[in-house]
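As a basis for the values below, the full set of heavy atoms in this structure was taken, side chains included, without hydrogen atoms, waters or symmetry mates. Small disclaimer: the values here were computed from a predicted structure and weren't measured. Lettering of chains follows the sequences in order, A, B, ..., and the numbering in each one begins at 1.
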Amino acid sequence: MINAVLVFNNNGQPRLTKFYTQLDTSVQQRLLSEIFTLVSARPASSCNFLPLPPLLAPNSTNTTTTTTTKPTTPEHNDAPSLVTYRHYATLYFILISTSTESPLALLDLIQVFVEALDRLFENVCELDLIFNFEVLHAVLGEMIVGGVVVETGLEKIVEGVRGQGRVAKRPVNERSGPGLGQGIWIGR
Amino acid sequence: MFEKDIYQLIRGLRSHKGNERAYILQSLAECRREIKTSDMDAKATALLKLVYLEMFGHDMSWASFNVLEVMSSAKYVQKRVGYLAAVQSFRPETEVLMLAENLLKKDLGSSDKGTIGLVLGTLPHVVDPNMAGSMLGDLLSRLSHSSPAIRKKTVVTLYRLALVYPETLRPAWPKIKDRLLDENEDPSVTAAIVNVVCELGWRRPQDFLSLAPRLFELLTAGGNNWMAIKIIKLFSTLTPLEPRLVKKLLPPLTSIIKTTPAMSLLYECINGIIQGGIMEAAEGTTEGDEIARLCVNKLRAMLVVEGDPNLRYVALLAFAKITASHADIVAQHQDVILECIDDGDISIRTRALDLVVGMINASNLQIVVERLLKQLKTAGKASAVSDPSNDRAAHDGIEPMADDDDEEMQQTIKPKAQKPAQAPPLPNDYRASVIERILEMCSHETYANMTDFEWYIGVLIELVKQCPAASTTGSFGRHSGSLAKETTSIADAVGNELLNVAVRVKAVRPDAAAAAQSLLLIESREALFPASSNGGQGVLSAAAFVAGEYAGMLPNPEAVLTSLLDPSSAQLPAHALASYIQTIPKIVVALTSDQSSPWSSTRQSNTVLLLARVVHFLEPLTLHPNLDVQERAVEYLDLMRLASEAAANQQTSDSPGEYAEPPLLLTQAIPSLFTGMELNPVALVALRKVPQPEELDLETPINGNLHMLLQQAEYDTDFDDSAGEMYRFYHEKPVAVAIDHARPAADLLEPPGTSRTSSYQDAETEPLDRETSDKRKAERRARYQDDPYYIDSERASGSSTPMHNILRQTNGEELDVDAIPVMELQLDSKDTVTDVGRPATQRAPSTKKPKRHFEITRDESLGDDELPTIGASPAKASIPRGKKSLLEVDSSGLSTLSLVDDVARTGASQLEVERRHAEEEEMAKAIKEVERLRLEMQRAQERIQPHDMPEEGTVVRRKKKKPRIEALGGELSAPPDGAGDGEVTVKKRKKKKTPDNGNGETSLAEKAADAEDGSAIASKPKKKKKRQVTFDEGGEPE
């Protein structure tokens, strides 16, 4: 299952935090900054999978004892083991998940998430998400409930969010510019 | 209205650059005020602002009751804010949860899809076992809701309920299963169910075998890649239980691999085939061979494909899963895998590193290790500053910064940071993990893959240079650490390996000693341990130990001693220094104990000089803060002074023909302190296997009078005099007192006539075959006959050791040491494995040099090689589970719950749920009945007294009460048709009398307009007034 969804910008400013377990606010912030530290250090050519941040890493004393040759015990499936991210323009989208999720499929899931946002905001950019973070939550709520993916179809997601009410564009007096949208297609 | 709305807050944040903190604090204070108003809009806005600030780490748990208030709002927009706030801010200790239960139930029963959706999205975040039990019934009915969106969310919510309250599944699973099997079900609901089944599946795969046909159908139907991936993942847990599935799955999986355009699906097919053991299961058949070839080729292609690092990463993951069963297949692709070790991306590197550890064998060990070494050498060392982990503090608290550049936020593509041209410095933890892995690979199964130990020692020396600067903690070799330390640095691990090799492989001891020397020499210190990084220093203590233990093999003991005695050594960490102090006398012995050459005056002066240097070095250390160092320094200082005195007083002879004895203290007494026992590796569990002797009584006090004695002692030390003695003992420098024993104490241990030399001699030549080794063993046995620590299999433990004699003489015959049973060690069969005894396969010929045999000493142990002793120790046993990972959702509760149709049990629990349902219904009925009766009575009353009282008297009083209640609930105007509770019924009834069907406000206006109606004139203005009053009351702030 998916344990957390995070969105933050190039400076580590959070734009969306969603944890599918109840977690202290301070711990959430620590995790956020640890992941930001990891992710911001990665060059563009790297893959989209992060090593586990220190907070999530299994007890450091038994890292060497659990070698890959050992058969993974069922218990491992409960612990988050995968941090997947994608970088679009100024934003990082992060998914923390257990091993029951497929890494490549999670990348597609992030893509669907961003495409849905793009559809709703028409050329979405970071400002849209800052001012409409409720919509961001709504889109996520249509895709993931309690850490389990309920929908991956773009149409259904957009329809579900629109069904909940009008989606506002960002306030008019904010300058508008080219969106995140074009970035999607170039995004890795 | 002066409140800020959320846009204003965000804009304010963006414009208050530099003093965001003050602005936030001010905003928080405003929110605190606003959230207390009775104005629902203001409340909801304030809450939304709090949620926004919570994202930046500002706790809002204090507002949990307000969250509840907003959740209960009738307006969807406000309700949504309330539910969002609940998801984001409720924590396990949030207390208002109990209060939320009824609200959640009510909203779950709402006719509005959006409202139901809010509840379904929120429940997984807040649910606890109690709530799960009571919500279950309501949720189950949502499974048959007309909207697919509600149904799919309900399925998932039920799953989360089951995680905290496994009983959920008893009534829920049959329904979910029916939904899954229903072919007319909306595909997105089916997909959601498959997701849930996949989550449930790995816990109890056997329960889901019956679903296989339907899942197979869904897989072949195609259409939804996400679902197909989940099904494949589920099948990979099912195939081990049902081998027949393999044959069925092969054709569709093969066709997907060949045709799908989706890389994720392709990869998961391969992954499923690997994980499900399909490769093994289908081995031998043509399809099986085909698919194995197909998978491995695809994986290889993923590794070499240009431009997609993600594929490389996942391919490595998949390869790593094959290594356990098909290490040979993986090793065939060694070339491409090794490429990945040098990948610029640390994630890929780490995966590759994990993988190579698994695929190592005797023939590729050196290639792999050398490759890794090269990587370590070429990449610059990360300085402590550039280490991201040190940088972490800077990111500790995230402040919502005023965004400096709006352009950037709207920018489409940010030019990506340029990749540095030269290899970036390796992060320290990666560096440490590489070294750890090298050690792990080399020492795997007591050096099973090692063919060239000289090479290995070279590698170890190189590794010391590559140790990361900051001492990162690793656990490798912790148990074999010679001194108790809190943390073990990676350099310690390297040192332990050096020690291990020196002890276990006699043939390379000279090399190991030479290596130790090169590490210790003061001239090379600058090169090996530059002042900027103290990373490698951990190796020094092990190196010193090797140099001391095998001092006779040091190429240049004088130089080593000089380095050890260098004043800078005193600045070393305590554990290294302690080891140094232990080493110094050993090397001194090696230098001075020569018995054959005569005691000339040159030799005398050299010896005295040497000893004086040692004394000079040790003297300041007797005041060292570390107790271990202090103790050793004090001990050896006295010994060295003694030796120095003996050397100075010994008669010399300089004429060539004359032979003068060197002092016995130097040639025999001191050497005997350090020689005698061969060091052997002992298994961790060996000590525990020594049975406790039956006669050993640990209960009876040795001296019954102990209490008295202690009291006496306490009384005695009360005098100042003795305190002075204590002071002297601890604070005054020890004076070198010449001990006037006739013989050194060590001589007591020395059986007369036996002059033993060092035990190293048997290591000088290596045993060539079993015969010589046997002969050696016999010799050794004879030599060690009197050694109390030498345990031999072919005789009972030492019966006439000098130690024993001494004991016997002083203790009399009461204590019979021989009677303590000591289990025999079987040296021949297990502990010393020679090459002859080894299977030939383990010993692949080295390509580099002629095959050389190495004898690797195995751990000594007693009795059978039972391993569980380690696992059984409580400390170790707890480690695998460890503490729960941070984000982990524990699903272990599910593993005990069977989903197979266990008629009796499911029947019973269904009954229970039904009973609960029935109870609830009954209660609802009863409430309705009461209400109905009350209304009837009311009507009757009205009928009885139509003339005496104002017609609407009672009703109006009710009315007055009612809006107030609703105002509390956050609503001014009553909803047109509320949920059938008493008051509304009353109102409806009243409305019938005044025939207008608008809600309160409009009907009032109409009524005011109708005022000319004569008959109503008396009552209506009155009624209007009453209403007005009630509204005012409702609007008042409370």
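For a residue to count as touching a neighbouring chain, one of its non-hydrogen atoms must lie under 4.5 Å from one of that chain's; by this rule Lys152(B) touches chain A with backbone and side chain alike. When heavy atoms are compared at a cutoff of 4.5 Å, Val87(B) approaches chain A solely by way of its side chain, counted from C-beta outward. Within the 4.5 angstrom heavy-atom criterion, no atom of Lys113(B) approaches chain A. For Thr350(B), no part lies near chain A; criterion is any non-hydrogen pair under 4.5 Å. With a 4.5 angstrom heavy-atom cutoff, Phe90(B) touches chain A via backbone and side-chain atoms both.
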Could you go step by step and tell me if Met1(A) and Arg160(B) meet the side-chain contact (heavy atoms from CB on, under 4.5 Å) rule? CA-CA 11 Å; Met1(A) 64 178 283; Arg160(B) 286 302 298 257; 3.3 Å; yes

Take Val51(B) and Glu134(A) through the test side-chain contact (heavy atoms from CB on, under 4.5 Å) and record every step on the way to the result. CA-CA 10 Å; Val51(B) 172; Glu134(A) 252 195 297; over 6 Å; no

List the steps, then state whether side-chain contact (heavy atoms from CB on, under 4.5 Å) holds for Phe56(B) with Thr25(A). CA-CA 9 Å; Phe56(B) 293 90; Thr25(A) 308; over 6 Å; no

Apply salt bridge (Lys or Arg N to Asp or Glu O under 4.0 Å) to the pair Lys153(B) and Glu142(A), showing each step before the final yes or no. CA-CA 9 Å; Lys153(B) 287 182 185 172; Glu142(A) 287 299 307; 2.8 Å; yes

Assess whether side-chain contact (heavy atoms from CB on, under 4.5 Å) is satisfied between Asn195(B) and Val150(A), documenting all intermediate values. CA-CA 8 Å; Asn195(B) 278 339; Val150(A) 290; over 6 Å; no

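Between the side chain of Glu199(B) and the backbone N or O of Val148(A), no donor-acceptor pair lies under 3.5 Å. A donor-acceptor pair under 3.5 Å is absent between the side-chain atoms of Gln88(B) and the main chain of Phe19(A), judged by distance alone. At distances below 3.5 Å, at least one donor-acceptor pair connects side-chain atoms of Gln29(A) with backbone N or O atoms of Met55(B). Under the 3.5 Å distance criterion, the side-chain polar atoms of Ser347(B) are matched with a main-chain donor or acceptor of Phe49(A). The backbone N or O of Cys47(A) sits nowhere less than 3.5 Å from a side-chain atom of Asn310(B) that would complete a donor-acceptor pair.
For chain B, the option among Ile144(A), Leu109(A), Leu106(A) with the highest count of heavy-atom pairs below 4.5 Å is Leu109(A). Heavy-atom pairs under 4.5 Å with chain A were tallied for Ala192(B), Ser264(B), Pro124(B); the largest tally goes to Ser264(B). Contacts with chain A were tallied for Met263(B), Met227(B), Glu93(B), Glu268(B); Glu268(B) has the most, counting heavy-atom pairs under 4.5 Å. Counting heavy-atom pairs closer than 4.5 Å to chain A, the top residue among Arg312(B), Arg80(B), Met60(B) is Arg80(B). Heavy-atom pairs under 4.5 Å with chain A were tallied for Thr122(B), Ile6(B), Leu48(B); the largest tally goes to Leu48(B). In terms of heavy-atom pairs under 4.5 angstrom with chain A, the leader among Asn225(B), Val126(B), Asp59(B) is Val126(B). For the set Glu159(A), Lys156(A), Glu101(A), the count of heavy-atom pairs under 4.5 angstrom toward chain B peaks at Glu101(A).
Taking the six-membered ring for Trp and thresholds of 30 and 60 degrees, Phe133(A) and Tyr52(B) have ring planes more than 60 degrees apart, a perpendicular arrangement.
Listed by chain and number, the residues in a side chain to side chain donor-acceptor pair (under 3.5 Å) with Lys321(B) are Asn271(B) (sequence neighbours excluded). When the salt bridge (charged side-chain N to carboxylate O under 4.0 Å, His left out) test is applied to Arg91(B), the partners found at least two apart in sequence or on another chain are Glu54(B).
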